[in-house]
Amino acid sequence: MKVETKYFGTVDVEEKETVHFEQGLPGFESYHAFVLLPVDEAGLYYALQSCEDKNVSLIVTNPYLFQKTYEFEIGDGAQIELGIEKPKDVAVYSVVTLREPFHDSTLNLQAPILVNVHNGKAKQVILTEDNYQTRRPLGQGKGGEQHARP
């Protein structure tokens, strides 16, 4: 299918490449189908592009590349909704708030986006723990492993 994008013009994507947010994203509840498009050659950043509105696109990244100790529990409701059975079923992304200069950009660690890599179901969850920031500076340390636990 063809998807009009904010940053890349019209792109062809396979239906199986789409991720589906049953309830939309907070602030974008009426949009349900998205696709992850690489932004940089290294594959560190992606545009989470709406398939329904070319102007709805969020830059996301793997938070474990920037927060080594990032760890949280995935609630039973989210596990059931997304069909998550084991940790390898889920990819975790954080929304990047872009700033000028780029190294002043921030990550939202308080509201990770979970994607079941097998069925494409996705959800943004709001963590109740207060040990993560909504505006963690990108330049504040690097490296880490994935520690989202179902």
| query | Is there a donor-acceptor pair under 3.5 Å between the side chain of Gln23 and the backbone N or O of Lys123? | reply | no
| request: Show your working on side chain to side chain contact (heavy atoms under 4.5 Å, CB included) between Val35 and Thr5 and close with a plain yes or no. | output: CA-CA 10 Å; Val35 65; Thr5 72; 5.9 Å; no
| query | According to the interplanar angle, ranging from 0 to 90°, do the rings of Tyr45 and Phe102 count as parallel (below 30°), tilted (30 to 60°) or perpendicular (above 60°)? | reply | perpendicular
| field | Hydrophobic cluster membership, Ile84 vs Val125, 4.5 Å side-chain cutoff | value | yes
| Backbone of Leu44 reached by a side-chain donor or acceptor of Thr61 within 3.5 Å | yes
| query | Given the rule in the side chain to side chain contact (heavy atoms under 4.5 Å, CB included) test, do Phe21 and Leu48 qualify, once you have shown the distances and angles that lead to the verdict? | reply | CA-CA 12 Å; Phe21 291 83; Leu48 182 62; 4.1 Å; yes
| field | Inter-residue atom distance Leu25.CG - Ser30.OG, 0.5 Å rounding | value | 10.5 Å
| hydrophobic_cluster_shared for Leu114 and Tyr31, side chain cutoff 4.5 Å | no
| query | Around atom CZ of Arg135, are there more than 12 heavy atoms of other residues, nucleotides or ligands at under 6.0 Å? | reply | no
| message | Please check: side-chain N/O of Asn116 versus main-chain N/O of Leu82, any donor-acceptor pairing under 3.5 Å? | response | yes
| request: Using a 4.5 Å cut-off on heavy atoms from C-beta on, say whether the side chain of Asn108 contacts that of Tyr132. | output: no
| Are the side chain of Ser50 and the backbone N or O of Phe34 linked by a donor-acceptor pair below 3.5 Å? | no
| task | Classify the ring geometry between Tyr46 and Tyr93 as parallel (under 30°), tilted (30 to 60°) or perpendicular (over 60°). | result | perpendicular
| message | Any non-hydrogen side-chain atom of Pro112 less than 4.5 Å from a side-chain atom of Tyr70? | response | yes
| Distance from Glu4 atom CD to Ser57 atom OG, nearest 0.5 Å? | 13.0 Å
| field | Rounded distance (nearest 0.5 Å) linking atom OG1 of Thr10 with atom NZ of Lys54 | value | 8.0 Å
| message | Within the 4.5 Å heavy-atom criterion, are Val13 and Gln49 side-chain neighbours or not? | response | no
| field | Cluster overlap Val56 with Phe8, hydrophobic side-chain contacts below 4.5 Å | value | no
| Which heavy atom in Lys2 sits nearest to a heavy atom in Asp12, and how many Å separate them? | NZ-OD1, 2.9 Å
| Atom NZ in Lys16, atom CD in Glu14: separation rounded to 0.5 Å? | 5.5 Å
| How about Val92 and Pro63: do any of their side-chain heavy atoms sit closer than 4.5 Å? | yes
| Gap separating the CZ atom of Arg136 from the OG1 atom of Thr97, nearest 0.5 angstrom | 13.0 Å
| field | Flag, side chain of Gln124 to backbone of Ile113, donor-acceptor distance under 3.5 Å | value | no
| task | Mind checking the CG-CG spacing from Leu98 to Asp104? Nearest 0.5 Å is all I need. | result | 11.5 Å
| query | Under 4.5 Å between side-chain heavy atoms, hopping through other hydrophobics if needed: is there a path connecting Met1 to Val11? | reply | yes
| query | Any side-chain heavy atom of Thr69 within less than 4.5 Å of one from Gln67? | reply | yes
| request: For residues Ile74 and Gln79, report the shortest heavy-atom separation together with the two atoms involved. | output: O-NE2, 2.8 Å
| Looking at Gly83 and Asn119, what are the two nearest heavy atoms and their distance? | CA-ND2, 4.3 Å
| task | Kindly indicate whether the side chain of Leu109, heavy atoms from C-beta on, has any atom under 4.5 Å from the side chain of Phe72. | result | no
| task | May I ask you to decide if Gly27's main-chain N or O and Glu29's side chain share a donor-acceptor pair within less than 3.5 Å? | result | yes
| Where Ser105 and Val96 come nearest, the two heavy atoms and their spacing | CB-CG1, 4.1 Å
| For Glu71, does its backbone N or O pair with a side-chain atom of Tyr64 as donor and acceptor, under 3.5 Å? | no
| field | Validation row: Leu37, Tyr7 side chains within 4.5 angstrom (heavy atoms) | value | no
| field | Nearest non-hydrogen partners of Leu107 and Ser94, listed with the distance | value | CD2-CB, 4.1 Å
| said: Between His32 (side chain only) and Glu22 (backbone N and O only), is there a donor and an acceptor less than 3.5 Å apart? | reply: yes
| With a 4.5 Å limit on heavy-atom distance, are the side chains of Leu58 and Phe28 in contact? | yes
